[in-house]
Protein chains: 2
Amino acid sequence: MTRDHDPLADTELTFLLGLGFQLVLAEFVRRVAEAGHSDLRPVHGLAFQVLRGPGATSSELADRLGVTKQAAGQLVDDLERRGYVRRQSHPDGGRRRLVVLTERATDHLAVAGRVLHGLEAEIAAAIGAGDLANLRTELTRLVRHLAGDSLPPLRPLW
Amino acid sequence: MTRDHDPLADTELTFLLGLGFQLVLAEFVRRVAEAGHSDLRPVHGLAFQVLRGPGATSSELADRLGVTKQAAGQLVDDLERRGYVRRQSHPDGGRRRLVVLTERATDHLAVAGRVLHGLEAEIAAAIGAGDLANLRTELTRLVRHLAGDSLPPLRPLW
DNA sequence: CCTCCTGAGTCAAGTTGCTTTACTTGCCGA
DNA sequence: TCGGCAAGTAAAGCAACTTGACTCAGGAGG
């Protein structure tokens with residue numbers, strides 16, 4: 001089962017991180033698609049998390065996603081056309097428009113959350129709950145070391 | 001320094017992995033650019049690793065990078081124009097062309113290697129050498145659990 | 001020999017998801 | 001009331017791919 005000396009152990013940390021992320025994310029996408037949400041990609045889930053609750057403006061969304069407001073606007077256009085969000089008038093007025101989730105989107109968030117937790121539970125079973133906890137701790141320290149207090153947005157590109 | 005309860009500890013493993021990877025890679029790119037190679041992105045380094053030594057055909061490269069042979073061909077065109085690779089006649093004949101690295105490319109590989117190791121040493125100092133070793137071990141197990149024996153190519157997209 | 005097929009490589013066009021540039025439009029403060 | 005900021009929109013451009021269609025070298029089989 002376990003190798004004496006896995007050749008992977010010699011590869012770069014960066015490569016290992018990238019591969020781990022890519023594999024976990026691919027499995028996540030696969031399961032979410034299997035649960036009937038094959039029309040949404042991870043970036044949509046990130047957007048939904050920003051918009052959940054009271055909602056947000058396109059510009060706020062742009063800022064949180066680390067893209068231009070035009071790109072965020074296009075994303076909202078697409079999600080609105082497909083019934084995942086609505087644009088409401090914003091209480092603060094101006095040209096502001098409040099983008100809020102529809103039930104369709106909160107459904108997706110619920111499914112994605114269940115899939116993430118299920119996946120993590122499986123990983124815990126596979127590599128050991130203690131090891132997974134350590135992995136999280138070490139990753140957290142790594143991220144804090146490189147990013148400090150303010151976390152940058154997670155972007156779907158290198 | 002260390003928090004009693006870092007809010008990051010509650011975020012999804014997937015998010016943590018993605019952020020860790022993105023931060024390490026960004027720092028890598030920053031340092032490689034600082035060392036004078038700002039015209040090459042990580043994907044070029046991956047290509048160089050495939051082509052190092054005896055070289056490879058475009059189709060092999062495509063396979064290893066997980067892209068179409070057209071995309072690999074375009075990448076080779078670009079790298080050839082900029083003096084990083086040469087196309088030679090292939091010993092096995094046919095329409096095959098052997099793509100090999102120039103010294104310019106091996107120089108880049110050397111720089112990238114030094115940067116990676118320097119970065120990893122810094123991380124070891126910051127989070128502890130033992131914790132880094134554990135992180136590597138756990139990541140290796142995670143990757144093996146999800147990928148089995150054959151590792152998929154690392155792709156610059158979600 | 002000839003023919004057919006396979007696999008490497010190339011050419012051209014289309015797609016996606018952004019960016020840059022430029023503009024419109026509410027509101028607020030001097 | 002005028003100037004300017006900030007949100008939003010519109011249009012065009014661009015990078016890095018893809019799909020589809022082709023060319024061409026070298027066997028394998030007849």
Side-chain angles (χ1 to χ4, degrees), chain A residues 22 25-26 29 38-48 50-51 54-82 84-100 152-158, chain B residues 22 25-26 29 38-48 50-51 54-82 84-100 152-158:
Chain A
Q22 179 174 294
L25 191 66
V29 169
S38 55
D39 57 337
L40 293 175
R41 285 166 306 118
V43 66
H44 298 123
L46 287 180
F48 290 169
V50 173
L51 299 174
T57 65
S58 292
S59 296
E60 262 182 277
L61 180 62
D63 198 50
R64 297 281 302 276
L65 294 182
V67 298
T68 60
K69 58 183 181 173
Q70 290 87 337
Q74 289 171 21
L75 185 65
V76 171
D77 284 346
D78 175 49
L79 290 173
E80 188 175 38
R81 210 168 1 84
R82 287 159 52 189
Y84 287 104
V85 305
R86 276 196 317 272
R87 284 189 232 239
Q88 299 180 344
S89 67
H90 195 290
D92 293 356
R95 279 178 71 78
R96 272 170 267 260
R97 305 279 285 148
L98 186 64
V99 183
V100 297
L154 187 56
R155 301 211 38 195
L157 272 178
W158 296 0
Chain B
Q22 179 174 294
L25 191 66
V29 169
S38 56
D39 57 337
L40 293 175
R41 286 167 304 116
V43 65
H44 298 122
L46 287 180
F48 290 170
V50 173
L51 299 175
T57 64
S58 293
S59 295
E60 261 181 277
L61 180 62
D63 198 51
R64 296 282 302 276
L65 293 182
V67 298
T68 59
K69 58 183 180 174
Q70 291 89 333
Q74 289 170 20
L75 184 64
V76 171
D77 284 346
D78 176 49
L79 290 173
E80 188 175 37
R81 209 167 5 81
R82 287 159 52 190
Y84 287 103
V85 305
R86 278 196 315 273
R87 285 189 232 239
Q88 301 180 344
S89 68
H90 195 289
D92 293 357
R95 281 178 74 78
R96 271 170 270 258
R97 304 281 284 150
L98 186 63
V99 182
V100 297
L154 187 55
R155 300 214 37 196
L157 273 179
W158 297 1

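Computed from heavy atoms alone, side chains included, the values below leave out hydrogens, waters and symmetry copies. Worth saying up front: this structure is predicted, and the values here are computed from it rather than measured. Lettering follows sequence order; numbering is per chain, from 1.
The stretch residues 54-69 of chain B participates, sequence neighbours left out, in no salt bridge (Lys or Arg N to Asp or Glu O under 4.0 Å) pair at all.
Of all the residues in residues 84-97 of chain A, Arg87(A), Arg95(A), Arg96(A), Arg97(A) reach under 4.0 Å from DNA chain D with at least one non-hydrogen atom.
Under the side-chain contact (heavy atoms from CB on, under 4.5 Å) criterion, Asp78(B) pairs with His44(B), Arg81(B), Arg82(B), not counting sequence neighbours. Not counting sequence neighbours, the partners of Glu80(B) by the side-chain contact (heavy atoms from CB on, under 4.5 Å) test are Val85(B), Arg87(B). For Thr68(A), the side-chain contact (heavy atoms from CB on, under 4.5 Å) partners two or more places apart in sequence, or in a different chain, are Gln70(A), Ala71(A). Contacts of Asp92(B) classified as side chain to side chain donor-acceptor pair (under 3.5 Å), with partners at least two apart in sequence or in another chain: none. Applying the side-chain contact (heavy atoms from CB on, under 4.5 Å) criterion to Arg95(B), with sequence neighbours excluded, gives no partner residue.
To the nearest 0.5 Å, the span separating CG on Leu157(B) from CG on Leu157(A) amounts to 6.0 Å.
In this structure, Asp63(B) places its CG atom 15 Å from C1' of dG9(C), rounding to the nearest Å. Look at CG on Leu61(A): it is 17 Å from C1' on dA6(D), rounded to the nearest Å. We find that NE2 of His44(B) is positioned 13 Å from C1' of dC17(D), with the value rounded to whole Å. The CG atom of Asp78(A) sits 16 Å away from the P atom of dT15(C) (whole-angstrom rounding). Taking atom CD of Glu80(A) as the reference point, atom P of dG8(D) lies 12 Å away to the nearest angstrom.
Checking the phosphate oxygens (OP1, OP2) of dG7(C), no side-chain nitrogen or oxygen of Ser59(B) falls inside 4.0 Å.
Between Arg155(A) and the choices Val43(A), Leu65(A), Val67(A), the side-chain contact (heavy atoms from CB on, under 4.5 Å) rule is met once, by Val67(A).
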What nitrogen or oxygen pairs link the protein and nucleotides 17-20 of chain C at under 3.5 Å?
from: dG17(C); atom 1: OP1; to: Arg41(A); atom 2: NH2; distance (Å): 3.3
from: dT19(C); atom 1: OP2; to: Thr68(A); atom 2: N; distance (Å): 3.1
from: dT19(C); atom 1: OP2; to: Thr68(A); atom 2: OG1; distance (Å): 2.8
from: dT19(C); atom 1: O4; to: Gln74(A); atom 2: NE2; distance (Å): 3.3

Could you run down the sub-3.5 Å N/O contacts of the protein with nucleotides 1-3 of chain D?
none

Would you sort out whether Tyr84(B) and Asp39(B) count as a side chain to side chain contact (heavy atoms under 4.5 Å, CB included), showing the intermediate values?
-> CA-CA 11 Å; Tyr84(B) 287 103; Asp39(B) 57 337; 2.7 Å; yes
Could you walk me through whether Trp158(A) and Leu154(B) pass side chain to side chain contact (heavy atoms under 4.5 Å, CB included), step by step?
-> CA-CA 11 Å; Trp158(A) 296 0; Leu154(B) 187 55; 3.6 Å; yes
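The side-chain heavy atoms of Leu51(B) and Val100(B), taken from C-beta on, include no pair separated by under 4.5 Å.
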